[in-house]
Every structure is written in structure tokens, then in C-alpha cells.
> 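Here it is: the structure, laid out below.
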Amino acid sequence: MATTTISTQPIPGQKPGTSGLRKKVTIFREPSYLENFVQSIFDSLEGSQGQTLVLGGDGRFHNRVAVQTILKMAAAHGFGRVMVGRGGLFSTPAISCVIRKAGAFGGIVLSASHNPGGPDGDFGIKYNVGNGGPAPEKVTDAIYAKTGTIREYRISDAPDVDLDTIGRYAIENMTIDVIDPVADYAALMQDLFDFDAIRALFARGFTMRFDAMSAIGGPYAKTILEGLLSAPAGTVTHGEPLEDFGGHHPDPNPVNAADLIAHMSGAAAPDFGAASDGDADRNMIVGRDFCVAPSDSLAILAANATLAPGYRDGLVGIARSMPTSTAADRVAAALGIRCYETPTGWKFFGNLLDAGMATLCGEESYGTGSNHIREKDGLWAVLFWLNILAANGKTVDTLVREHWARFGRNYYSRHDYEAIDSAAAAALMEHLRAQLPSLAGRDLDGYTVALADDFEYTDPVDGSVSKQQGVRIVFADGSRIVFRLSGTGTEGATLRLYLERYEADLTKHDIPTQTALADLIAIAGRVADIAARTGRTEPTVVT
Ligand code: VG1
Ligand code: CO
């Protein structure tokens, strides 16, 4: 075995987005594409020699090749030990869990999350720091800067490691532990939730369908739901991780999880449905003929948190991304705790969690989590819901409706315009920004603009400032329209339009969501000139 140094050239465009670097697999397979980025990660770390790294991915196409390359590069860099999940697999929340439990220096997550996989699909890589969470912007900026000046990378010529057999291996002076990717995570879930109560719920005949979307959530859900909690075999569907997710778009929303939604309809439907995404950090919660909005899910978990043993002592604070509905703010107010508003992306929650300022966090994009790790966590949210339903005996829709009756309903929807022309998308955002100074105080179709700005965030812990995080138009009645461009897509640009309207009146809680938001949809279309600028009369996906 020997380490070789290979010369290379900077490759443009290796800029991490909302959650790591995501590109088409075809791009990641180009010579030295992955190597350049990995070396740039390593070169931006201080004091990593001799330290432990955790490594794994969601099993999508190219995962195994990338894991072998990274192991050889980690050895050449001088890491002391790498903990890798068997098969090169780890869900994103499980990597976060293992980094924390092992006291590792950091971790590398191979995933493009909710983006499709396969040879023509997407691949991604993300660096997580020692708290288990995604690297903050100052780290990702440093990595990106290195990608612009890189001249060489170092790699061992050792043979591939047997990733499928648990055990200890070595490359150069580096130890490699191939470990069970589920065990530590399953143990953590048992610490947080009342497994006896959930087991008793299933024993009473409660039925559930968990759709793992042929992604990495399957092994975790099977071990925990069908194994530890004795849910009937078959509760977990699409439970085998496949390199192309069986052709699914592994994004758990009612559009992409249509199969689950169909099964959750009618009198024969299970009591409870759920799904997770490619890397198992997202969750969708479904009742019988009833989809729970992710923003509502966060608020409902917060309002009922003390029913779960891990949260029995209450919450110190809640944090949500800016576009996420303000339903959680109402719960925080009732609990007498703070609700923090951060930019989109889980990396912004890390400091709040580390500083003990927030317990629960959530995003409108089917992401919920807590201070138990530093990533969002799909199965955690599902277990939290099960714990609550086991404790209070309610159905999903009763629980949600009672929540609305108490706090009011925040009608909420997101409209995505995918794969639009990048220049047109940038021009649309500029067009919106140009209007900001003149919007405040104006009347738009009977809605008075109370605030119009481009969201800027100052981290309350380290004072770092993140600008241009989404254009928001907030009306006097609390309704909001938010526009931002996606930072995870790999084709053209994706415009996200977020719409929210608050309704306190209990007798008006049954309006179809798009009807309830129709006025705001019309205002947004006009202010942003969406149809003319994108060439689209309808969004691609409405959730
Ligand atoms: C999207 C979501 C964001 C989420 C991010 C990563 O980002 O909107 O809330 O944190 O994906 O989730 P964007 O920039 O495309 O809007 V995942 O499950 O893809 O890691
Ligand atoms: Co994900």
C-alpha cells in the first residue's frame, strides 16, 4: 500500500447549496470530480489528523464507488479511523447520531436526499461537523474556496474494503470499522419514546403503513417498527433500499407518495400512514383520508411533546425556517417559550440546538427534528406521532382538528416551478427585490402589506449574517407570500412560492387549502409576474 499524489485542476461550480453539493451522477463520475471536492473538504479541516470520521450514504447509485474512494483518500489524509455503515449505508439522521455518540471529528454523508437517483439521477456529498450537523456556512464557504485553488489530491492505492461484512479493516495507518448502521440510532429512539406504549398500541390492533420509498429508511423502519415495536410484517412497504429508488422520486409528499395516499383512503385504510425520503431525514404524516401539513406537524409535536419521555420536561424553545408556517409560533407563545425564525436549511438550527436555545426544529419541506441529533429525522417524527397517539388514543385527524380549534388554522401551501430557465428565475427575484421599497403599506386586492423584505438572518449565537434568504411579503392579517429559489436542484432553477393564511374561526377550518389561499396565489402571480417570466401557467408540484 502506498499513498500517491495526483495532480488536478479546479472544477468550476463545486459550490455547496442548501444541503451539500448535489449534481447529476454523470457529473460526479467525471474524472476527479468527487476527489477534488473530498480533498477540498479535508484541506479545509484543522486538526483532523488521527481523528475519527463517520461515512455512509443513502445507497443510491454511485454510493459504493464513492465510499471506497473516500476511504482511500481519508487514509492518505491521515485520519485515524473511519466508521462506515455496512454496505456503505447510513441514513442522514443515523450518521448524525453516530458522530455524536462516538465523539467523532465529523462525517461525510453521501446523498442527494429527495432528488431522484440512478445512473441518470442525482448524487450528493455533504460534510457534517463534530456536533453531528451539516457544516455551517463558514465551513462550506471555505470548502468552496479550496475547490477553486486545488492542484492535487492524495489517495491510497490499497484494495477495496469489504463493506458488506461487519468488522475491522485498515488502509495505510487508518482503522476502518464497518458497523451496523441501525443499532445506535435504534437505541437512541428507545431512549426518547415510550416503546412499551407504542407496542401496546399495535397489540390493540392499530394499523399503520410506512412507505420507505425504496430508500434508506427501510432498514431503520423495519428494525424499529416491525422488530422492536412488533408492528405486523408488511407494515413497512418499499422497504428495500434500491440504487434508483425503484424509479420513485423519493420525496415524501402527497404527489410523489401517491401510492401511500391511495392506501390511506377509505374505511379499510390503516389508522396511520407515513413516508420518508431518500436519506430518511424527511417525514410525511397521513391519517385516514387526511394529510398533515408539515408545518402543522411541528406545531402539534410541540403542543404535545411532554407525552414523550424524552421531552417530558418540556421544551426550551422552537425553531422553524422562515417559509415554514407560523403555527409553531402560536404554540411557543402558549408555552411561554421563544420561536426562532431561521433561513431554509438544517445547518441554521445547529447553533440554536448546541446553545440549548431550542428543543424542536422544523421546516415546511417535510422536515422535523430535535436536539437529540443535529439533522432532521424522519422516523423520529413518526415515532413521536405514534407515542402521542398511543398516549391519548386519538386519531390523526381528531388530533389535528383539536389543535386547530385551540390555536386556529394556518392554511399553507408550497408551489414549485421546477427546472425553469436560471436567468429568468434570477430576473424574477430581482424584479421582486426592486419592488420591495414600494410595497409596504400598499393595498393588494384588499390585503394591506405590513412588511416586504428580503429575509436576512443574524445568528443569535455567533453573530454570522446570511443575506438574501427569501423575499417575503407579510400582510396586516399575518398572511404571507414568500419567494425563494431552491438550493438543492440540479436542473435549471426551481422557484418556490410559499403561501400562508391564518384562520381563527373554527367554522372555517374545512376549506380546501388551494381555495383558502386563492387570493394570495393570485397576488403572488401578479407581483412576481410568474407566468410571463417562467413561461408556466401552473406550478409543477403543489404541496
Ligand atoms: C430543500 C428544502 C429545505 C431542506 C433542503 C434539504 O431546499 O426546501 O427545507 O432543508 O431541501 O432537505 P431547497 O433549497 O431546494 O428549497 V433534504 O431532505 O433534500 O436534505
Ligand atoms: Co433528505
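Whatever order the structure lists them in is the order used to number ligands and atoms, beginning at 1.
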> Can you tell me the N, O or S atom of D279 that's nearest the Co ion (ligand 2)?
OD1

> Closest by any non-hydrogen atom to atom 16 (O) of ligand 1: pick that one out of K126, K376, R22, R484.
R484

> Side-chain contact, heavy-atom cut-off 4.5 Å: Y457 with V465?
no

> Whether K15 engages the ring of Y144 as a cation-pi pair (distance to the six-membered ring centre under 6.0 angstrom, angle to the ring normal within 45°) should be assessed.
yes

> Would you say N115's side chain and T488's backbone share a donor-acceptor pair under 3.5 angstrom?
yes

> Where is the nearest protein heavy atom to atom 11 (O) of ligand 1: which residue, which atom, and how far?
R282 NH2, 3.0 Å

> Quick one: look at T488 and ligand 1, take heavy-atom pairs under 4.0 Å, and tell me if it's side chain, backbone, both or neither.
both

> Heavy atoms only, cut-off 4.0 Å: how does S486 contact ligand 1, side chain, backbone, both, or neither?
both

> Are the charged groups of E240 and K222 less than 4.0 angstrom apart, N to O?
yes

> I need the contact type for D277 against ligand 1. Using non-hydrogen atoms and a strict under-4.0 Å cut-off, is it side chain, backbone, both or neither?
side chain

> Taking only heavy atoms of T344, which atoms of ligand 1 are found under 4.0 Å from at least one of them?
3 (C), 8 (O), 9 (O)

> Taking NZ, NE, NH1 and NH2 as the nitrogens, is one of them in D259 or R209 under 4.0 Å from a carboxylate oxygen of the other?
yes

> Among H62, H114, K24, which residue meets the side chain to side chain donor-acceptor pair (under 3.5 Å) test with D122?
K24

> Which residue supplies the protein heavy atom nearest to atom 18 (O) of ligand 1, what is that atom called, and how far is it?
S113 OG, 2.5 Å

> Is there a heavy atom in G345 that sits closer than 4.0 Å to ligand 1?
yes

> Among protein heavy atoms, which lies nearest atom 9 (O) of ligand 1, and at what distance?
S365 OG, 2.6 Å

> Touching ligand 1 at all, R414? Heavy atoms, strictly under 4.0 Å?
yes

> If the cut-off is 4.0 Å to any non-hydrogen atom of R496, which atoms of ligand 1 fall inside it?
8 (O), 13 (P), 15 (O), 16 (O)

> Of the options D377, D180, T223, which is the one that meets Y185 in a side chain to side chain donor-acceptor pair (under 3.5 Å)?
D377

> Within 2.8 Å of the Co ion (ligand 2), is there any N, O or S atom belonging to S19?
no

> Could you tell me whether R60 and D279 make a salt bridge, using a distance below 4.0 angstrom between a side-chain N and a carboxylate O?
no

> Below 3.5 angstrom, do we get any N/O pair linking G487 and ligand 1?
yes

> Kindly assign one of parallel, tilted or perpendicular to the pair F28 and F123, based on the angle between their ring planes and the thresholds 30° and 60°.
perpendicular

> Is any N or O atom of D281, backbone or side chain, closer than 3.5 Å to an N or O atom of ligand 1?
yes

> So is E375 close enough to ligand 1, meaning a heavy atom under 4.0 angstrom away?
no

> Flag the pair E418 and R496 as a salt bridge only when some basic side-chain nitrogen lies within less than 4.0 angstrom of an acidic carboxylate oxygen.
no

> Going from CG on L383 to CG on L192, what distance comes out if it is rounded to the nearest 0.5 angstrom?
9.0 Å

> I need the nearest protein heavy-atom contact for atom 4 (C) of ligand 1: residue, atom name and distance, please.
E363 OE1, 3.5 Å

> Closest to the Co ion (ligand 2), which N/O/S atom of D281 is it?
OD1

> State the atom name: nearest N, O or S atom of D277 to the Co ion (ligand 2).
OD2

> May I ask you to check if R330 and Y502 form a cation-pi contact, with NZ or CZ under 6.0 angstrom from the six-membered ring centre and within 45° of the axis?
yes

> To which protein heavy atom is atom 19 (O) of ligand 1 closest, and what is the distance rounded to 0.1 Å?
H114 ND1, 2.4 Å

